[in-house]
Undergrad: 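Can you keep this structure in mind? I'll have questions shortly.
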Amino acid sequence: VGWKHYYYSKSKFDVSSVVCGQYIVHFGFTGFMSTMSTSIEYNLGKWTKVKLGGLGLIIFAEGDIDLGAFPFASLNFTF
């Protein structure tokens, strides 16, 4: 389950954040994972978009709490 909010949105440039929560069943553990990301999106053309941002996460599994932060970059094509 998640929610995306645009803070600034123009024809070629967008700033947004996403908050998401999910339950994980994986080999060896089960738990809840909460994530939040912030991104800057730039439309290069009608079908191409560049996205830069960061992702932070918290995993609550079997009494342990794990934290993480990761940068990301993507090139998206829409058909």
Side-chain angles (χ1 to χ4, degrees):
V1 175
W3 175 62
K4 185 172 187 175
H5 178 73
Y6 283 95
Y7 296 104
Y8 179 82
S9 183
K10 292 292 181 181
S11 62
K12 287 191 169 247
F13 185 74
D14 299 324
V15 177
S16 65
S17 66
V18 176
V19 177
C20 179
Q22 58 188 334
Y23 188 74
I24 303 169
V25 178
H26 192 273
F27 299 111
F29 73 93
T30 60
F32 179 77
M33 181 171 74
S34 178
T35 61
M36 180 178 174
S37 67
T38 302
S39 66
I40 298 171
E41 303 171 9
Y42 183 75
N43 294 323
L44 294 174
K46 190 174 181 180
W47 297 292
T48 309
K49 182 185 293 187
V50 173
K51 187 184 289 188
L52 302 171
L55 169 74
L57 59 90
I58 301 173
I59 300 175
F60 302 99
E62 300 175 352
D64 294 331
I65 298 175
D66 295 321
L67 303 171
F70 306 98
F72 65 85
S74 68
L75 181 62
N76 300 335
F77 298 97
T78 305
F79 298 98

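Being a predicted model, the structure only gives us computed values, none of them experimental. These values consider heavy atoms only, across backbone and side chains, with no hydrogens, waters or symmetry-generated copies.
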Undergrad: Could you list the residues that satisfy side-chain contact (heavy atoms from CB on, under 4.5 Å) with N43, not counting sequence neighbours?
TA: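 Once residues adjacent in sequence are excluded, the partners of N43 under the side-chain contact (heavy atoms from CB on, under 4.5 Å) criterion are K49.
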
Undergrad: Same hydrophobic cluster for F60 and L57, using side-chain heavy-atom links shorter than 4.5 Å among ILVMFWY?
TA: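 Looking at the clustering, L57 is in a separate group from F60.
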
Undergrad: Applying salt bridge (Lys or Arg N to Asp or Glu O under 4.0 Å) as the test, list every pair that has at least one member in residues 58-69; sequence neighbours left out.
TA: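 Every candidate salt bridge (Lys or Arg N to Asp or Glu O under 4.0 Å) pair involving residues 58-69 fails, so no pair, neighbours aside, qualifies.
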
Undergrad: What residues, two or more places apart in sequence or in another chain, satisfy side chain to side chain donor-acceptor pair (under 3.5 Å) together with K4?
TA: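 Only Y6, E41 meet the side chain to side chain donor-acceptor pair (under 3.5 Å) criterion with K4.
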
Undergrad: Holding to ring-ring contact (aromatic ring centres under 6.0 Å, His included), I want the full list of residues that pass it with F13, two or more places apart in sequence or in another chain.
TA: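 Here the qualifying residues are Y8.
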
Undergrad: Can you list everything that forms a ring-ring contact (aromatic ring centres under 6.0 Å, His included) with W47? Sequence neighbours excluded, please.
TA: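 By the ring-ring contact (aromatic ring centres under 6.0 Å, His included) rule, W47 matches no residue at all.
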
Undergrad: Please collect all salt bridge (Lys or Arg N to Asp or Glu O under 4.0 Å) contacts where either partner lies in residues 6-31, sequence neighbours excluded, each pair once.
TA: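 As it turns out, there is no salt bridge (Lys or Arg N to Asp or Glu O under 4.0 Å) pair with a partner in residues 6-31 once direct neighbours are skipped.
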
Undergrad: Identify every side-chain donor-acceptor pair in residues 17-40 under 3.5 Å, counting partners at least two apart or on other chains, and give the distances.
TA:
| from | atom 1 | to | atom 2 | distance (Å) |
| --- | --- | --- | --- | --- |
| S17 | OG | Y7 | OH | 3.0 |
| S39 | OG | S16 | OG | 3.2 |

